[in-house]
S.K.: 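A single structure is presented below for examination.
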Amino acid sequence: MSRYSAAEIEAKWQDAWDKAGLFRATRSADKPKYYVLEMFPYPSGRIHMGHVRNYTMGDVIARYKLATGHNVLHPMGWDAFGMPAENAAMASGGHPKDWTYSNIDDMRAQMKPLGLSIDWSREFATCDPEYYGQQQALFLDMLEKGLVYRKNAVVNWDPVDMTVLANEQVENGRGWRSGALVERRELTQWFFRISDFAEDLLEALDGLDNWPAKVKLMQANWIGRSRGLQFAFSLIDGPEGHDRIEVYTTRPDTLMGASFVGVSPDHPLARQLEKDNADLAAFNAECRRMGTSEEELEKAEKKGFDTGLRVRHPFDTSWELPVYVANFILMDYGTGAIFGCPAHDQRDLDFANRYGLPVVSTYEPETPEEGFARPEDSGIAYVPPKSEKVRYVKGFAGDEVQTGEQAIDAAIDFCEANGVGQGVTKYRLRDWGLSRQRYWGCPIPVVHCDSCGVVPEAKENLPVRLPDDVSFDQPGNPLDRHPTWRDCTCPACGKAARRETDTMDTFVDSSWYFARFTAPRAETPTDMAEADYWMNVDQYIGGIEHAILHLLYSRFFARAMHLTGHLPAKAVEPFDALFTQGMVTHEIYQTRDANGRPVYHLPEEVEDGKLKATGEAVEVIPSAKMSKSKKNVVDPVTIIEEFGADTARWFVLSDSPPERDVEWTAAGAEAAYKHLSRVHRIVTEIAASDAPANDHDEALLREMHKAIHDVTGGVESFGFNAAIARLYAFTNTLSKSQAGSDARRQAARALVKLMSPMTPHLSEELWAALAQEGLAAEAAWPQADEAMLVDDTVTLPIQVNGKRRAEISVPRDMDKAEVEKQALAADAVVKALDGAQPKKVIVVPGRIVNVVI
RNA sequence: GCCCAAGUGGCGGAAUGGUAGACGCAGGGGAUUCAAAAUCCCCCGGUAGCAAUACCGUGUCGGUUCGAGUCCGACCUUGGGCACCA
């Protein structure tokens, strides 16, 4: 009997699938369609275990759906624009295009041995001119519909390299290459009007029944709808053109506790004042040196600058409040100005304490606990949940007990009635800035004409191709310094004009690729007949790190594509079901160099806690996401060479729930391989035995139907690890079953088919060994017989006061009274009762009995 | 700082509010073998006990319930995101 040799069988069956054209997707009215998609990879050059896990999960679904009679679309492509290609070009002198396409070739070659059921005929990369040209067409349609516009926005500016930096290129406020202090600089940039869709994007989350609740919650919080009051403080002796400061607050109920007004350093008033005030100009400049990330702003020490100006309180014209410029106020949110109520906001309180401003409580606990002190005295802001009842001591309606929510509504009503501002709904969601001052991205298809201004490129001139002759020997955008590329003619007037040199955010590329997969070679962004047939994506699978931005942008794009006639109405929510998978992690092995600095070692260099080469002991750091810098990576290619793709697939599915991180361990991979070898041995033995069909093995058939039921449920609900545990148990049962029974062959067939989505090559091999016709991949999924799933007798645990004390075996449908009688007769129960009557007996049919004494 | 999630044996984990630890790894014992590899069988949360069994046990503290890993509140730790990384 031949041993299990993955290397021999895997290539053979991949070839067979290929020849049969099994995974080519074409429209068909005969079968229901099923579109399964994994988030496409960035072509870094090597596939990693995270990819293997992601695509294996998608493949299990795709193969399962194929077996259950669906017309499956399962495509793959490359998210190919982005900074790493330019960084590589700067570091080693090549061209981003060559680097990217060569990486794609490498990764495709690494991916193919996994035996994924992908329709490779649909493959594309977002850096293909055929793709980004269609993206430019989409952009022009969106521009025409008013979904794109230009405005000023701040970027991280490296004054030494004279270039724009991404947030991740800023380290401790300095440029990662130059080390120069980064400044904020304002540029005119393109924006998508995603905020116009805020309400729709929020409301529609309710309909996404097959999305994880946490992702919907994160998106809802990101969109951040709030109800508040917008009103103005009148400014006393303000500079020319500034007689009031418009503020937005979600807590108008605390207006009578206001003690200062703050404006952003980028607020028009701050900008006006800094012209005549060198100190303020210095303060603002300091603020503008901070990074642009919200995290950095929130964590920074809260600082303010007293402008010396005063405003009048809207409800008491004799009450004057100082106006500060403060570093924690965002110009992008609300009006860029706030009022501070230190008593009920810790940040405002810290600020007030720092600058000697008054603290005035507007409410206090309804019934103050022992030791409660007002913020005025305690230095701790009193911030109860908005739903909690509090006593207002300085509200609008006198001394009253109500919840914050009620008080906010009442305050808005009161202010509106008194002519102080109006209630408004605002969103935290900002418009999406898509301009990037970089080469390796999709060119924004517009030109700048001295006569006509900003003019869209004519569609017949698309794609606006990236020039190949560029150099990366200096920082900044090569398109800016290209001698001829910028020169063009104005599509409107025909005069000489300049091309826009900014390219698009790579998030744009990934916001519609799922639609392009439905007709990847179409001469328009999509083909409506194909899109109408294949959309929506029935199952989308990817990392939780994309829970907000990528998914929100894609939802916006689907809406925009519908408005511009590129997607049907049903596709405005493009992903019917979403699954977010965890990462693949590994232990980190570290030693220290002479200076005590850590030196990392690859897992393959380590054995039994020691370096193979020198025998030096390594320090083991707990599992973390696989990363090159920590060297805790296991290359899937190595694993496939050693054990085969089926082992890698089986292992990444088996050890952890799919939504959680899985730790790669050599022992685990070994165990997976051993198990597959065992299945190979057991099934080939059964296939080879020609013992006559004899006894009908009822128990084995029952186990088989239970396994079919459980594994099917596991696959459908992303319980892959549980499904695999079930397959282990079923394999054990099969292994111990009586030789020669017909049931045994039947059970072996079921096992092979149930495993086929996870270990497709092994299953094909065993399917053939069992002399089954056709390919296992095409064979119908087994059906569980409901009647075989339930046993006639059940074992009921008997609890006394919630603690298990005994168990009884009873017919499954025995009535409650009889079950209770038998339970009370159990030795342990009689002993516990000691002659007394139970207070209560709870019988949960088929599950448990609890006797309460 | 803000938003979201997760914490269960030596390890990965299982468990519609109903016998906590399925299944796998590691470990221990045994069979087979001249020996090994491979394979097969048994044991395997802690404490006490020869045992039957008893008590304790799902990050911490409290609550709801006949019954809580599961639901509620507070806290701790770890991970993801924070708008120019992909």
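Chain naming here is simple, since letters A, B, ... match the order of the sequence lines and numbering starts at 1 in each.
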S.K.: What's A:A722 touching, base or sugar-phosphate or nothing? Going by heavy atoms closer than 4.0 Å.
M.R.: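 Nothing: the residue A:A722, judged by heavy atoms under 4.0 Å, touches no strand.
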S.K.: Which part of the nucleic acid, if any, lies within reach of A:H550 when heavy atoms closer than 4.0 Å are counted: base, sugar-phosphate only, or nothing?
M.R.: nothing
S.K.: A:Q135: which residues meet the side-chain hydrogen bond (donor to acceptor under 3.5 Å, both in side chains) condition with it, sequence neighbours left out?
M.R.: A:D509, A:W512
S.K.: Under 3.5 Å, is there a donor-acceptor pair between the side chain of A:N477 and the main chain of A:T501?
M.R.: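 Yes; judged by distance alone, with no hydrogens or angles, the pair exists.
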S.K.: Quick check for you: name the first and last nucleotides of RNA chain B, 5' to 3', having an atom under 4.0 Å from a heavy atom of chain A.
M.R.: B:G1 to B:A86
S.K.: Classify A:F328 by what it touches in the nucleic acid, base, sugar-phosphate, or nothing, heavy-atom distance under 4.0 Å.
M.R.: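 Answer is nothing: A:F328 stays at 4.0 Å or more from every strand.
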S.K.: Can you name the residues that form a salt bridge (charged side-chain N to carboxylate O under 4.0 Å, His left out) with A:R251, not counting sequence neighbours?
M.R.: A:D253
S.K.: For B:G79 and B:G13, measure between their P atoms and round to the nearest Å.
M.R.: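 Taking atom P in both B:G79 and B:G13, they lie 15 Å apart.
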S.K.: Under 4.0 Å, counting only non-hydrogen atoms across every strand here, what does A:G82 touch: a base, just sugar-phosphate, or nothing?
M.R.: sugar-phosphate
S.K.: Taking atom P in both B:G30 and B:A22, compute the distance separating them and give it to the nearest angstrom.
M.R.: 24 Å
S.K.: By ring-ring contact (aromatic ring centres under 6.0 Å, His included), which residues pair with A:Y513, not counting sequence neighbours?
M.R.: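 Scan of A:Y513 (ring-ring contact (aromatic ring centres under 6.0 Å, His included), adjacent residues dropped) gives A:F40, A:F517.
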S.K.: Map A:G668 and A:V851 onto RNA chain B by nearest heavy atom, then report which one ends up closer to the 5' terminus.
M.R.: A:G668
S.K.: Could you name each residue pair satisfying salt bridge (Lys or Arg N to Asp or Glu O under 4.0 Å) that touches residues 540-552 of chain A, not counting sequence neighbours?
M.R.: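 The answer is none; no pair qualifies.
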S.K.: If I pick the P atom on B:U78 and the same atom on B:A14, what distance separates them, to the nearest angstrom?
M.R.: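 Going atom to atom, P in each nucleotide, I get 23 Å.
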S.K.: What does A:K736 touch in the nucleic acid at a heavy-atom separation under 4.0 angstrom: a base, only the sugar-phosphate, or nothing?
M.R.: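 Sugar-phosphate contact only - A:K736 comes under 4.0 Å of backbone atoms but never of a base.
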S.K.: With sugar-phosphate meaning primed atoms plus P, OP1 and OP2, does A:R438 contact a base, only sugar-phosphate, or nothing at under 4.0 Å between heavy atoms?
M.R.: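 Contact class for A:R438: base.
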S.K.: Applying side-chain contact (heavy atoms from CB on, under 4.5 Å), name anything that partners A:K216, two or more places apart in sequence or on another chain.
M.R.: A:L205, A:L208, A:W211
S.K.: Scan A:S435 against the nucleic acid and name what it touches under 4.0 Å (heavy atoms): base, sugar-phosphate only, or nothing.
M.R.: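 Result for A:S435 = base.
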S.K.: Identify whether any heavy atom of A:P41 sits under 4.0 Å from a base atom; if not, whether one sits that close to sugar-phosphate; answer base, sugar-phosphate or nothing.
M.R.: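 No contact.
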S.K.: Reckon A:I842 touches a base, only the sugar-phosphate, or nothing at all at heavy-atom distances under 4.0 Å?
M.R.: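 Since a base atom lies under 4.0 Å of A:I842, the category is base.
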S.K.: Which value, in whole Å, describes the distance between the C1' atoms of nucleotides B:G7 and B:U58?
M.R.: 9 Å
S.K.: Please state the P separation for the pair B:C23 and B:C44 - nearest whole angstrom.
M.R.: 12 Å
S.K.: Please work out whether B:G27 sits syn or anti, treating a glycosidic angle within 90° of 0 as syn.
M.R.: anti
S.K.: Mind checking if A:W222 touches a base, just sugar-phosphate, or nothing, with heavy atoms under 4.0 Å?
M.R.: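 Answer is base: heavy atoms of A:W222 come under 4.0 Å of a base.
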S.K.: Is it true that the NZ or CZ of A:R184 lies under 6.0 Å from the centre of A:W157's six-membered ring and within 45 degrees of the ring axis?
M.R.: no
S.K.: I'd like a table of donor-acceptor pairs (distance under 3.5 Å, sequence neighbours excluded) in which one partner is a side-chain atom from residues 549-556 of chain A, with atom names and distances.
M.R.:
from, atom 1, to, atom 2, distance (Å)
A:H550, NE2, A:Y540, OH, 2.7
A:S554, OG, A:H550, O, 2.9
A:R555, NE, A:E573, OE1, 3.0
A:R555, NE, A:E573, OE2, 3.2
A:R555, NH1, A:L201, O, 3.2
A:R555, NH1, A:Q219, OE1, 2.8
A:R555, NH2, A:L201, O, 2.7
A:R555, NH2, A:E573, OE2, 2.8

S.K.: Strictly distance-based, threshold 3.5 Å: is any side-chain N or O of A:T580 a donor or acceptor partner for the main-chain N or O of A:G543?
M.R.: no
S.K.: Students often get this wrong, so: under 4.0 angstrom with heavy atoms, is A:K803 touching a base, only sugar-phosphate, or nothing?
M.R.: sugar-phosphate
S.K.: A:Q437 near the nucleic acid: base, sugar-phosphate alone, or nothing, with a heavy-atom cut-off under 4.0 Å?
M.R.: base
S.K.: Can you list the residues that meet the ring-ring contact (aromatic ring centres under 6.0 Å, His included) rule with A:F579, with sequence neighbours excluded?
M.R.: A:F718
S.K.: For RNA chain B, list all stems, counting runs of three or more consecutive pairs where every pair is Watson-Crick or G-U wobble with both distances under 3.5 Å.
M.R.: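 Output for stems: B:1-7 with B:76-82, B:10-12 with B:23-25, B:27-31 with B:39-43, B:45-48 with B:53-56, B:59-63 with B:71-75.
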S.K.: Under 4.0 Å, counting only non-hydrogen atoms across every strand here, what does A:K299 touch: a base, just sugar-phosphate, or nothing?
M.R.: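 Touches a base.
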S.K.: Taking atom C1' in both B:G80 and B:A26, what distance in whole Å separates the two?
M.R.: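 These two C1' atoms come out 30 Å apart once rounded.
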S.K.: Could you tell me whether A:F328 and A:F351 have their ring centroids closer than 6.0 angstrom?
M.R.: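 For A:F328 and A:F351, the ring centres are under 6.0 Å apart.
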S.K.: What integer number of Å spans the P atoms of B:U32 and B:C41?
M.R.: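 Comparing P positions in B:U32 and B:C41 gives a spacing of 15 Å.
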S.K.: Across the strands shown, which category fits A:L429 at heavy-atom distances under 4.0 angstrom: base, sugar-phosphate, nothing?
M.R.: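 Counting heavy atoms under 4.0 Å across all strands, the contact made by A:L429 includes a base.
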S.K.: If we take the C1' atom in both B:G67 and B:U19, what is their distance in whole Å?
M.R.: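 Those two atoms are separated by 12 Å.
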